[in-house]
Amino acid sequence: MSAWIASKGQPLHGRLAIPGDKSVSHRAIMLAALAEGRSHIHGFLEGGDTRATAAIFQQLGVRIEAPEPSLRIVDGVGLHGLKASASDLDCGNAGTAMRLLSGLFAAQAFASTLVGDESLTKRPMRRVIEPLRMMGAQIEAAEGDVPPLRVSPASTLRGIDYALPVASAQVKSALLLAGLYADGTTRITEPHPTRDYSERMLQAFGWPIRFGEGWAEVEGGHRLIATDIHVPADFSSAAFALVAACVIPGSDLVLQQVGMNPRRTGLLRVLAMMGADIRADDAKGNDGEPVADLYVRATTLRGIDVPVDCVPDMIDEFPVLFIAAALADGITRVRGAAELRVKESDRIAAMANGLRALGIRVDETPDGADIHGGSLHGGVIESHGDHRIAMAFAVAAQRASADVEIRDTANVATSYPGFAASTRSIGFDLRGD
Ligand code: S3P
């Protein structure tokens with residue numbers, strides 16, 4: 001099992017380029033595969049999750065070339081051009097692939113079986129199965145509504161008007177993809193607006209979608225036309241070096257051309273409330289997605305009550321926020337974040353246990369935690385195969401008084417290949433790949 005040993009590093013300096021956005025890369029492959037014509041995807045994330053999505057479409061007869069790293073050339077087969085595969089479709093660790101593809105495959109004329117790794121096989125799928133069945137989909141899950149998912153052809157799919165019970169871009173996107181094939185209108189409303197990449201990208205591929213803050217609406221029966229996509233750098237991956245530069249005294253770091261979609265950057269609002277010194281240069285649009293250079297300098301952070309309405313906009317950033325909170329003065333309170341318990345691991349428990357192992361008091365609640373700022377000693381961390389838990393503790397270790405061993409780090413490559421080498425280049429002490 002792969003592991004890292006990490007401890008106090010140097011103040012962070014330099015300019016760091018971050019790999020492509022995972023959410024955007026998944027969607028770019030999916031829509032390019034269903035489009036008519038050839039699409040180029042620039043800045044594609046060479047991560048385990050997004051490669052799994054590309055491999056699934058290759059298995060279904062789509063030609064996808066990778067002439068150089070982070071570029072994919074996709075020859076779309078059109079909305080009805082996918083071909084059945086006799087073998088299972090392996091989503092690996094990727095919840096996004098499993099949930100979005102359940103919607104897409106519900107509309108195909110052939111059956112498919114979606115499987116995943118140990119972590120994905122524990123994740124809840126009822127949230128997509130239930131509304132898809134309301135549309136007429138034929139989907140069977142394993143006991144407890146977890147993967148594998150067996151998706152059979154539906155006689156017809158009909159549009160529904162659906163209010164999401166939890167804010168989830170994955171569920172919204174699954175329904176939109178099914179809605180491309182459905183009779184009538186599929187309308188989705190959200191309890192809080194979530195990332196709108198599917199909506200923006202459907203528009204970029206020429207689908208006449210209507211959407212706004214917290215709602216989206218599609219009608220079946222149109223076409224997707226090939227286009228070129230420029231994937232921005234993933235804010236969620238940038239968040240690790242961002243927090244590290246906030247908490248390692250003397251740091252002065254630039255994160256280059258980071259995706260700044262407001263539905264992803266709640267962490268910036270929260271860090272500003274905690275007293276962080278982060279400046280974004282004038283954001284530039286990149287194919288409709290804003291990007292900016294982030295200039296970060298170390299400061300003393302203070303504990304806050306994280307506003308509940310920031311939670312969906314920073315849902316993937318809580319592991320690293322817990323580290324910022326552990327190193328802040330006072331107590332940081334997180335509430336309204338029960339979704340963290342059903343991510344790649346139970347992130348509230350994994351972070352609480354890991355921080356306790358390093359000497360920090362954390363009081364857990366069902367939907368959050370109180371994190372008492374303090375100082376970190378060495379220890380052993382179980383990442384539970386969760387990429388963001390491993391990376392968060394690599395940041396923590398840079399302020400620990402002795403070595404931190406972080407176990408089970410292989411899945412870091414699902415979202416941030418090269419994390420160890422690139423953070424070492426700005427000053428991290430991190431031993432291992
Ligand atoms: C994602 C949506 C979020 C996020 C995940 C990626 C997406 O999940 O946590 O990492 O690409 O749509 P939920 O939709 O379950 O909140």
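Every number for a ligand or one of its atoms is a count from 1 in the order of the listing. Owing to the predicted nature of the structure, the values given are computational and were not obtained by experimental measurement.
An N or O contact shorter than 3.5 Å links Q170 to ligand 1 by distance. When only interatomic distances are considered, the shortest N/O to N/O separation between E339 and ligand 1 does not fall below 3.5 Å. Every N/O-N/O distance between V171 and ligand 1 stays at or above 3.5 Å.
Atoms of ligand 1 lying under 4.0 Å from any heavy atom of T96, numbered from 1 in the order shown and given with element: 1 (C), 6 (C), 7 (C), 11 (O). The A169 neighbourhood of ligand 1 comprises atoms 12 (O), 14 (O), with distances under 4.0 Å to a heavy atom of that residue. Near I315, the atoms of ligand 1 lying under 4.0 angstrom from a non-hydrogen atom of the residue are 9 (O).
Looking only at heavy atoms of the protein, atom 10 (O) of ligand 1 is closest to D316 OD2, 2.9 Å. The single protein non-hydrogen atom nearest to atom 11 (O) of ligand 1 is S23 OG, 2.7 Å, given as residue, atom name and distance.
With respect to the salt-bridge test (charged N to carboxylate O, under 4.0 angstrom), the residues D196 and R263 do not qualify. The pair R335-D370 meets the salt-bridge criterion, since a charged nitrogen lies less than 4.0 angstrom from a carboxylate oxygen. Salt-bridge check for E219 with R210: passed, with a basic side-chain N closer than 4.0 Å to an acidic carboxylate O. Salt bridge annotation for E344-R388: absent, with no cationic side-chain nitrogen under 4.0 angstrom from a carboxylate oxygen.
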Should D281 and R279 be marked as a salt bridge (Lys or Arg N to Asp or Glu O under 4.0 Å) after you check the CA-CA gap, both sets of side-chain angles, and the distance that decides it? CA-CA 6 Å; D281 73 357; R279 182 172 61 81; over 6 Å; no
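No more than 12 heavy atoms of other residues, nucleotides or ligands shown are found within 6.0 angstrom of CZ on R223. Heavy-atom neighbours of R133 CZ from other residues, nucleotides or ligands within 6.0 Å: above the threshold of 12.
One option in K172, R263, K343, R27 has a heavy atom closer to atom 12 (O) of ligand 1 than any other, and that option is R27.
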